[in-house]
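Down below is the structure, laid out as structure tokens.
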Amino acid sequence: MPFYDYICKCGHQFEEQHKIANRDEPTKQPCPSCNEDTVTQKIAVPGFVYDNISGTTIKGHKKKPDEAFTDHLKQMKRNYPGSNMNV
Ligand SMILES: [Zn+2]
């Protein structure tokens with residue numbers, strides 16, 4: 001299962017492992033830090049700048065996909081052609 005990044009309006013960031021189908025689940029739950037229902041999922045797109053979160057600008061947090069990990073996922077996908085993994 002892949003990890004997904006989440007961020008709350010209070011600035012609290014966390015990472016959770018979820019099935020792709022359940023990847024937005026933590027956004028339906030209160031923030032573990034401030035208990036507000038303001039958690040959003042960060043989309044892990046290389047080069048994407050998260051500057052549209054109200055009051056918060058996060059710069060320099062670009063994630064480069066780990067190439068070895070990506071290759072590993074592709075290999076897994078080859079081994080399991082029926083999987084719906086989005087690689
Ligand atoms: Zn919070």
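As the structure lists them, so they are numbered: ligands from 1, and atoms in each ligand from 1. Side-chain atoms are counted along with the backbone in the values below, which use heavy atoms only and exclude waters and symmetry mates.
Distances shorter than 2.8 Å separate the Zn ion (ligand 1) from the protein N/O/S atoms C8 SG, C10 SG, C31 SG, C34 SG.
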Could you pull out every donor-acceptor pair under 3.5 Å between side chains of residues 18-32 and any protein atom, sequence neighbours left out?
| residue | atom | partner | partner atom | Å |
| --- | --- | --- | --- | --- |
| H18 | NE2 | E16 | OE1 | 2.8 |
| R23 | NH1 | I20 | O | 2.8 |
| T27 | OG1 | D24 | O | 2.4 |

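For H12, there are no side-chain hydrogen bond (donor to acceptor under 3.5 Å, both in side chains) partners at least two apart in sequence or on another chain. Residues passing the ring pair (Phe, Tyr, Trp, His ring centres under 6.0 Å) test with Y4, sequence neighbours excluded: none.
With rounding to the nearest 0.5 Å, the separation of NZ in K42 from CD1 in I7 is 5.0 Å. Here the SG atom belonging to C10 is positioned 8.5 Å from the CD atom belonging to E36, to the nearest 0.5 angstrom.
In this structure, the side chain of Q17 does not engage the main chain of P2 through any donor-acceptor pair within 3.5 Å.
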